[in-house]
Structure formats: C-alpha cells, structure tokens
Amino acid sequence: MTDATATEAAQIDCPFCAEKIMAAAKKCRHCGEMLDPAMRRAEEAMRAASRSAPVYMNAGGGGAAASSSSGGGVQQLRPWGHFIHVVLSIVTVGLWIPVWVLLYLFRNKNVYF
C-alpha cells in the first residue's frame, strides 16, 4: 500500500456534512460538529450554561435577579407602585386608564394580588 491509499483508508465520511475526515477525528474540520459523544455532551452542557435566562418586559426586575451570581433560583419581583398610573392618567387626561386596566387583568396572580 502506498501512503495515498493508507491515508484514504484512514478517512471516513462525516455523518453531519459528508466530507472526508480522519477516522480518529473527534471534531469535523469542515462543519465543526463534535463526533465524540462525551465531547458533544460537554459542549452542549457548556452552551446550555452560557445561555442567559429570558427577561420579560413586565418582569419587574426579576429577570436580572435570576442571572445574578447570588444563587439564582428564587426571583423576587419589585412591587409595582400604582402612583405612576395615577400620574399618567391625570397627565394624559384618562388615556392611560385602559392600559392600567389591562395590566391589572393580565398580571401574574401568583405574585400580584
């Protein structure tokens, strides 16, 4: 066997992109996919850990509490003062009242009573 046929014999097709790669490869040099199952699980775990928690618009600051290094887990929402609603209702001559009612109706009833 020549060196060229030995090299071809030591190559396989990547299961993700079908390009020729070395049989002992742990990562495809063409598509970047991990071929080794243990390394693939480690990479997926690292990706999952680096994702930040979703922050919702009306979270009341709770989204920032989840991504802090103080343990995460339990989120404490800040109390929403209705003073701003009253001021906006007066300033906008009552145009803010429908928004106030909608926010009240669609509030998180587990947190805001």
* Asked: Do Met34 and Met46 sit in the same hydrophobic cluster, where Ile, Leu, Val, Met, Phe, Trp and Tyr count as joined when their side-chain heavy atoms come under 4.5 Å apart?
  -> no

* Heavy-atom closest contact (Asp13 atom, Ala18 atom, distance) -> OD1-O, 4.0 Å

* Val99 reachable from Leu95 in the ILVMFWY side-chain graph, under 4.5 Å edges -> no

* Asked: For the atom pair CD (Glu19) and SG (Cys28), what is the distance rounded to the nearest 0.5 Å?
  -> 7.0 Å

* To do: Work out which heavy atom in Pro15 is nearest to a heavy atom in Leu35; give both atom names and the distance.
  => CD-CD2, 3.7 Å

* Between His30 and Ile21, what is the shortest heavy-atom contact and its length? -> CD2-CG2, 3.9 Å

* All side chain to side chain donor-acceptor pair (under 3.5 Å) counterparts of Arg47, not counting sequence neighbours -> Glu43

* To do: State which residues pass side chain to side chain contact (heavy atoms under 4.5 Å, CB included) with Lys26; sequence neighbours excluded, sorted by chain then number.
  => Asp36, Met39

* To do: Would you please name every residue forming a side chain to side chain donor-acceptor pair (under 3.5 Å) with Glu33, sequence neighbours left out?
  => Arg40

